[in-house]
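For reference, the structure discussed in these notes is given below.
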Amino acid sequence: MKEFDYSKVPHYKFYRFATTVFGPMFKKLYHIEHKGLENVPKNNKKYIVAINHTCALDPVFVAVAPGIPALHFMAKVELFNNPVVAWVITHLYGFPVKRGQGDTTAVDYAKKIIAENHVLAICPEGKRVKDKDGVPQKAKAGVALIARDTGADILPVAICCKNKIKRGEHVTVRFGKLISVEELRINADSSRDEIKEAANTVMQRISEMRESELSGN
């Protein structure tokens, strides 16, 4: 695997090309509907997009929404073992993270993304929910740690589908209201348990949005 360059946040024309050319086709394949787009910041406000992890395409479901800025997202390091896949993911602003190993390099790069006024997308659960009827699970601490250290708000996004996500199924992507660091009540003195509680508060908001959508509210 070619080493990922964490020293700088790049700019690739491929991202905009891919979302513009293939986005409409992708939306038709999965019957994607976007709701709550009025909650997406329209200025240069720093924020993190937090998404429940239903499948490998979650960041794409969000990225093809109208008016969404380019999303830089974490992807498991194993995906970068194939050079072709690695090239595509990298040029779509994905960057590798070693799950379960306290990968501070990836976390520091995530902070750099926000510091340079880009948008970070993260799945707080850390891995896909392969069973349990797709119900969002507990979050890892990462999303709250990054928010605390950068001062970025969190934009909760719920991927909603009544069945297992596949082509032809109707997928709703629901954007919620921004959650501020102040609302999460975390700061430099917060304990590890308080950080975890803040991360789970984000997941709870996403879960509530998903349940509301699937129940027809």
Side-chain angles (χ1 to χ4, degrees), residues 1-12 15 44-53 56 58-60 62-63 69-83 85-129 136-157 178-206:
M1 181 184 84
K2 180 181 178 181
E3 285 295 320
F4 184 87
D5 183 5
Y6 291 98
S7 67
K8 60 182 179 180
V9 181
H11 172 73
Y12 296 121
Y15 182 98
N44 292 324
K45 190 175 186 65
K46 293 181 180 180
Y47 66 98
I48 300 166
V49 174
I51 316 166
N52 57 312
H53 207 353
D58 296 323
V60 184
V62 181
L71 300 178
H72 296 250
F73 63 96
M74 290 185 178
K76 62 181 181 180
V77 69
E78 292 82 1
L79 293 175
F80 292 79
N81 290 333
N82 181 304
V85 174
W87 187 94
V88 173
I89 294 176
T90 299
H91 285 75
L92 290 175
Y93 295 134
F95 60 99
V97 59
K98 296 176 182 177
R99 298 183 302 179
Q101 299 184 31
D103 190 352
T104 57
T105 301
V107 171
D108 288 342
Y109 183 73
K111 295 176 186 177
K112 185 193 298 285
I113 288 168
I114 296 170
E116 295 186 13
N117 294 314
H118 301 291
V119 179
L120 173 70
I122 187 172
C123 296
E125 296 149 296
K127 60 182 180 180
R128 281 185 291 165
V129 178
Q137 302 301 301
K138 287 187 176 181
K140 304 294 184 183
V143 65
L145 281 171
I146 295 170
R148 182 199 65 181
D149 292 347
T150 61
D153 292 336
I154 298 173
L155 180 67
V157 180
L178 284 175
I179 306 171
S180 67
V181 174
E182 290 75 21
E183 184 178 348
L184 293 175
R185 298 179 180 178
I186 51 177
N187 54 50
D189 298 321
S190 296
S191 67
R192 187 72 177 177
D193 287 342
E194 289 171 331
I195 294 294
K196 286 184 177 180
E197 183 180 349
N200 280 315
T201 295
V202 175
M203 283 310 304
Q204 181 62 35
R205 184 74 57 85
I206 293 172

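By convention here, the first residue in the shown sequence is residue 1.
Every residue two or more places apart in sequence or in another chain that forms a side-chain hydrogen bond (donor to acceptor under 3.5 Å, both in side chains) with Arg205 is listed here: Glu183. Under the side-chain hydrogen bond (donor to acceptor under 3.5 Å, both in side chains) criterion, Gln204 pairs with Glu208, sequence neighbours left out. Partners of Tyr15 under the ring pair (Phe, Tyr, Trp, His ring centres under 6.0 Å) rule, at least two apart in sequence or in another chain, are Tyr93. For Lys111, the salt bridge (Lys or Arg N to Asp or Glu O under 4.0 Å) partners are Asp149, not counting sequence neighbours. Ala75 meets the side-chain contact (heavy atoms from CB on, under 4.5 Å) test with Phe73, Leu79, Phe80, Ile89; sequence neighbours excluded. With sequence neighbours excluded, the residues forming a side-chain contact (heavy atoms from CB on, under 4.5 Å) with Asn187 are Asp189, Ser190, listed by chain and number. Partners of Asp108 according to the side-chain hydrogen bond (donor to acceptor under 3.5 Å, both in side chains) rule, which considers only residues two or more places apart in sequence or in another chain, do not exist here. Among residues two or more places apart in sequence or in another chain, the side-chain contact (heavy atoms from CB on, under 4.5 Å) test is passed with Ser7 by Asp5. Residues that satisfy the side-chain hydrogen bond (donor to acceptor under 3.5 Å, both in side chains) test with Lys45, not counting sequence neighbours, are Asp153. Asn82 pairs by the side-chain contact (heavy atoms from CB on, under 4.5 Å) definition with Val84, Val85, not counting sequence neighbours.
Residue pairs meeting the side-chain hydrogen bond (donor to acceptor under 3.5 Å, both in side chains) criterion with at least one member in residues 113-122, sequence neighbours excluded, do not occur. For residues 192-203, no pair satisfies salt bridge (Lys or Arg N to Asp or Glu O under 4.0 Å), with sequence neighbours left out.
Rounding to the nearest 0.5 Å places CG of Leu71 at 12.5 Å from CD1 of Ile122.
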